[in-house]
Amino acid sequence: MAKFLHHNDTNTFRATTKLTCEYNILCKQKGTESGRNRRPHVNQFASSKDITYLFSCLTGYYARVHGVNHLLDAFIRKTECHCQIINLGAGLDTTFWRLKDINLMPRKFFEVDFPTVVARKIHNIKTKPPLSKPIIETHSTDSLLLDAHSLDSDRYCIIGADLRDVSNLDEKLKKFQLNPELPTLLLSECVLVYMTCLQSSNLVHWAAETFHTAMFISYEQVNMSDRFSQVMVENLQRRHCTLAGLEACQSLDSQKERFLKTGWEHADALDMMTIYNMLPQDDVARIERLEFLDEKELLQQLLQHYSICWATKDKLNLGLSQLAF
Ligand SMILES: C[S@@+](CC[C@H](N)C(=O)[O-])C[C@H]1O[C@@H](n2cnc3c(N)ncnc32)[C@H](O)[C@@H]1O
């Protein structure tokens with residue numbers, strides 16, 4: 001684990017950030033159970049089941065970051081960077097900074113989340129030069145809009161909005177120079193499942209109507225009708241986390257249907273176990289060694305219950321439907 005945390009590859013960094021949330025939750029649970037306030041070291045977890053769970057999550061995050069980045073980078077390359085990205089429900093995601101680091105910047109990168117989340121992120125950007133510097137470096141004019149609930153520069157923009165209110169979302173994005181004529185990548189990771197299926201279908205439909213050449217990448221749960229998924233849902237409910245859109249997560253087909261019924265021309269979906277098996281195997285072996293992952297059953301179950309679904313429409317005939325794993 002320590003070796004993994006110190007590995008300086010940006011994918012791993014992002015995976016680690018996401019894992020930290022999971023680790024904190026587990027620590028909190030352990031802290032409460034043992035009546036201690038201090039956070040236990042990973043070695044102090046009581047049962048090897050916890051550790052297996054933690055390392056399985058870490059490997060799952062690794063697969064997710066690699067999988068999503070694979071499609072995202074392929075889209076930007078296909079459009080030769082003449083494109084825009086909208087990360088819906090971006091949270092504290094750091095993709096903009098990764099793309100700047102590898103010199104694969106779209107014309108503009110938009111992020112949308114609830115105003116409270118956006119305010120927290122803007123505060124972080126304002127107070128941390130490694131985050132603010134790339135935004136300033138890629139901004140050419142004097143005026144950089146920055147207030148508590150939005151940030152707008154030439155290449156990066158964060159907007160506070162509720163994704164369930166599509167007309168308000170559309171209005172805000174256009175105010176910040178969203179260009180419907182540009183090839184557009186929309187990304188949602190663990191976001192659509194928090195809305196009802198009607199609300200997520202409205203969002204996905206708005207995207208299909210607004211952009212003539214676009215790709216939508218959605219990462220979230222799948223195969224949510226067995227015993228394992230029931231336990232997953234119960235665990236989330238215990239953390240006051242309700243998944244209102246589970247109906248679309250029944251199968252890979254139901255994931256694709258949401259797009260095919262709302263104006264997208266092509267949709268594909270794979271579960272994360274399949275994607276994990278397609279990742280470069282030397283890298284997979286390295287990660288498994290770092291994580292001491294000798295018990296793979298839980299990992300396989302977790303990976304079988306997450307998927308990446310991607311949909312395209314392609315008026316400019318860029319060949320977007322060929323983007324795959
Ligand atoms: C599980 S987090 C995922 C964050 C990010 N996509 C990632 O992968 O790191 C879900 C995010 O979606 C946001 N979200 C959920 N429902 C939303 C809505 N209706 N409007 C705006 N943001 C929403 C949450 O605030 C949260 O930041």
Side-chain angles (χ1 to χ4, degrees), residues 10-25 57-58 60-72 85-99 109-125 131 149-150 157-173 176 185-207 216-222 224 232-233 235-237 239-246 248-249 258 272 275 302 305-310:
T10 49
N11 284 347
T12 309
F13 173 74
R14 186 167 169 232
T16 308
T17 312
K18 287 171 188 295
L19 175 81
T20 309
C21 303
E22 204 65 44
Y23 175 57
N24 284 342
I25 289 164
C57 285
L58 183 54
Y61 288 133
Y62 162 82
R64 161 185 173 180
V65 170
H66 263 275
V68 169
N69 286 353
H70 171 83
L71 290 176
L72 187 131
I85 297 181
I86 311 174
N87 190 342
L88 301 162
L92 302 182
D93 183 86
T94 54
T95 302
F96 168 78
W97 289 268
R98 181 184 72 82
L99 294 176
F109 194 105
F110 295 87
E111 292 184 353
V112 184
D113 210 298
F114 285 124
T116 46
V117 177
V118 164
R120 216 176 111 210
K121 191 159 186 176
I122 290 177
H123 174 76
N124 279 334
I125 292 171
L131 295 178
H149 295 116
S150 44
C157 174
I158 319 183
I159 299 167
D162 187 332
L163 298 169
R164 293 166 295 187
D165 183 349
V166 168
S167 58
N168 180 255
L169 172 71
D170 184 76
E171 197 183 299
K172 285 191 170 164
L173 283 166
F176 292 115
L185 179 89
L186 299 111
L187 173 65
S188 68
E189 285 185 75
C190 293
V191 176
L192 300 183
V193 73
Y194 293 108
M195 303 173 209
T196 64
C197 290
L198 182 62
Q199 288 161 341
S200 65
S201 288
N202 282 343
L203 181 65
V204 163
H205 181 226
W206 161 81
F216 201 122
I217 304 173
S218 167
Y219 170 91
E220 65 180 14
Q221 288 87 343
V222 77
M224 293 302 282
M232 263 170 84
V233 171
N235 283 341
L236 285 166
Q237 268 165 355
R239 298 181 205 161
H240 307 288
C241 186
T242 306
L243 304 179
L246 272 181
C249 304
R258 172 160 49 198
M272 291 310 295
I275 292 175
L302 271 173
H305 287 83
Y306 283 91
S307 68
I308 296 180
C309 178
W310 65 103

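Note that ligands are numbered from 1 as they come in the structure, with each ligand's atoms numbered from 1 the same way. What's counted below: heavy atoms across the whole structure, side chains too, no hydrogens, waters or symmetry copies. When a residue number appears, it is its place in the shown sequence, counting from 1.
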Atoms in ligand 1 with a heavy atom of [X] nearer than 4.0 Å:
X	result
Asp162	18 (C), 19 (N), 20 (N)
Val117	25 (O)
Ala90	4 (C), 5 (C), 6 (N)
Arg64	7 (C), 8 (O)

Report summary line: Sorted by chain and number, sequence neighbours left out, ring-ring contact (aromatic ring centres under 6.0 Å, His included) with His205 holds for none
Query raised in the report: Can a non-hydrogen atom of Asp113 be found less than 4.0 Å from any atom of ligand 1?
Result: yes
Requested in this report: Report yes or no: does Ala161 have a heavy atom closer than 4.0 Å to ligand 1?
Outcome: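 Yes.
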Query raised in the report: Is it true that Glu220 and Arg258 have a side-chain N and a carboxylate O under 4.0 angstrom from each other?
Result: yes
Report summary line: Paired with Ile159, the side chain to side chain contact (heavy atoms under 4.5 Å, CB included) test is passed by just one of Leu169, Leu173, Asp113, namely Leu173
Query - Val191 N/O under 3.5 Å from ligand 1 N/O - result: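 So ligand 1 has no N or O lying under 3.5 Å from an N or O of Val191.
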Query raised in the report: Does an N or O from Glu189, backbone or side chain, lie closer than 3.5 Å to an N or O of ligand 1?
Result: yes
Query raised in the report: Parallel, tilted or perpendicular: which describes the rings of Phe96 and Phe109, with under 30° parallel and over 60° perpendicular?
Result: perpendicular
Requested in this report: Indicate the atoms forming the closest heavy-atom contact of Val193 with Leu246, along with that distance.
Outcome: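 That closest heavy-atom pairing would be CG2-CD2, 4.2 Å.
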**Report entry** Nearest atoms (heavy-atom pairs only) where Val117 meets Gly91
**Finding:** CG1-CA, 4.0 Å
Query raised in the report: So do Met272 and Ile275 actually touch side chain to side chain, heavy atoms under 4.5 Å?
Result: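 SC-SC contact between Ile275 and Met272 confirmed.
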Report task. Ignoring hydrogens, just give me the one of Gly91, Gly89, Gly160 whose non-hydrogen atom is nearest atom 6 (N) of ligand 1. Result ->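 When every heavy atom of Gly91, Gly89, Gly160 is considered, Gly89 comes closest to atom 6 (N) of ligand 1.
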